[in-house]
Amino acid sequence: MGDTNGQVVAGGNGRGKRLDQLNEPTDVLIDKETDSLIICDWENRRVVRWSRHSGTTQEEILIHNIACARLAMDDQRYLYISDFDKHEVRRYQIGDKNGTLVAGGNGKGAGLNQLNAPTYIFVDQQQTVYVSDTFNHRVMKWNKGAKEGIVVAGGQGQGNALTQLSRPQGLFVDTLGTIYVVDSRNDRVMRWPQGAKQSTVIVGGNGEGQEANQLHYPIGLSFDRHGNLYVVDKNNHRVQRFSIE
């Protein structure tokens, strides 16, 4: 905090596939246990680990040949990865190359046991996996060990009604099971209480634009411990902070 210049902690050696390079990374998380970064190295089709200790100039490849869209880690340090090409989410122990299927994996489709271009994932303390099923315009919930998921937001076709989503992405679920999801194509962030059939708009929803109450293809969201909401407002090239009631 307070720095005006950032510090390169991974990559920074141009686009490429050498072990000191990244190519269009899409997500990162911090593994506190090993004080390292785990990164979706999208165009290189790999997941890599980069130590945060100064002087580290190259990465370790954890998983090869994966269209890694997004990452999550649970309390037991299992790694969850959404695979955009295989339409599935897998859980990995660090060091495990194959993982265990936890959502999708039955080809591209709109069945309850399928996904279509999964992106953001959220995992709760029971290892329940929530997935933004982007091209199915819905959020799915897969209980641990389940063979199919449950639609918990959207799933009524692509649209902008309060029962619908259009290309959902960023995702957060609170301890009450309330879902917060970035509704990218509708330029808004939605809140779906547990079991609700429709949602409320909490940010945006005022058309595509650059005003303070507008968004333009938002993709990510995050909350701080004070309950402030941060939204990655992609096509406005900015991050916005909102106070949510």
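- Here the side chains of Leu215 and Gln240 are in contact, with some heavy-atom distance below 4.5 Å.
- A salt bridge (Lys or Arg N to Asp or Glu O under 4.0 Å) with Asp183 is found for exactly one of Arg188, Arg138, Arg167, namely Arg188.
- Tyr92 and Val102 are not part of a single hydrophobic cluster, where members link through side-chain heavy atoms under 4.5 Å apart.
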Evaluation steps, salt bridge (charged side-chain N to carboxylate O under 4.0 Å, His left out), between Arg45 and Asp85
CA-CA 11 Å; Arg45 295 184 61 84; Asp85 287 356; 2.9 Å; yes
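- Under the disulfide (SG to SG under 2.5 Å) criterion, no residue pair touches residues 180-245, with sequence neighbours excluded.
- One distance of note links CD of Gln169 with OG1 of Thr134; it measures 5.0 Å at 0.5 Å rounding.
- Annotation for Pro118 and Val131: closest pair CB-CG1, 3.6 Å, computed over non-hydrogen atoms.
- With rounding to the nearest 0.5 angstrom, the CG atom of Leu79 is 11.5 Å from the CZ atom of Arg91.
- With no hydrogens or angles considered, a side-chain donor-acceptor pair links Ser166 and Gln158 at under 3.5 Å.
- The minimum heavy-atom distance linking Leu165 with Val139 is given by the pair CD1-CG2, 4.1 Å.
- One distance of note links CE of Met190 with CG of Leu162; it measures 5.0 Å at 0.5 Å rounding.
- Leu221 is connected to Val203 through a chain of hydrophobic side-chain contacts under 4.5 Å among Ile, Leu, Val, Met, Phe, Trp and Tyr, so both are in one cluster.
- Using bins of under 30°, 30° to 60° and over 60° for the plane-to-plane angle, the ring pair Trp42/Phe84 lands in the perpendicular bin.
- The main-chain N or O of Gly209 is found under 3.5 Å from a side-chain atom of Asn236 such that the two form a donor-acceptor pair.
- Note on Val123: it does not cluster hydrophobically with Leu101, by side-chain heavy-atom contacts below 4.5 Å among ILVMFWY residues.
- Contact annotation: the side chain of Pro218 approaches that of Asp187 to within less than 4.5 Å [non-hydrogen atoms, C-beta and beyond].
- When hydrophobic side chains of Ile, Leu, Val, Met, Phe, Trp and Tyr are connected at separations under 4.5 Å, Val48 ends up clustered with Val9, Leu19, Leu22, Val28, Ile30, Leu37, Ile39, Trp50, Ile61.
- Counting heavy atoms from C-beta outward, Gln127 and Tyr80 have side chains that approach closer than 4.5 Å.
- Relative orientation of the Tyr180 and Phe223 rings is perpendicular, given thresholds of 30° and 60° on the angle between their planes.
- A single hydrophobic cluster is seen to contain both Val181 and Val152, as judged by linkage of ILVMFWY side chains at heavy-atom distances under 4.5 Å, directly or through other members.
- A salt bridge links Glu24 with Arg15: the distance from a Lys NZ or Arg NE/NH1/NH2 to an Asp or Glu carboxylate oxygen falls below 4.0 Å.
- The environment of Gln210 atom CD is sparse: at most 12 non-hydrogen atoms of other residues, nucleotides or ligands sit within 6.0 angstrom.
- Under a hydrophobic-cluster definition in which Ile, Leu, Val, Met, Phe, Trp and Tyr are linked whenever side-chain heavy atoms come within less than 4.5 Å, directly or via other members, Leu112 and Val89 are assigned to the same cluster.
- One finds a salt bridge joining Glu59 and Arg46 here, because a Lys/Arg side-chain nitrogen approaches an Asp/Glu carboxylate oxygen to under 4.0 Å.
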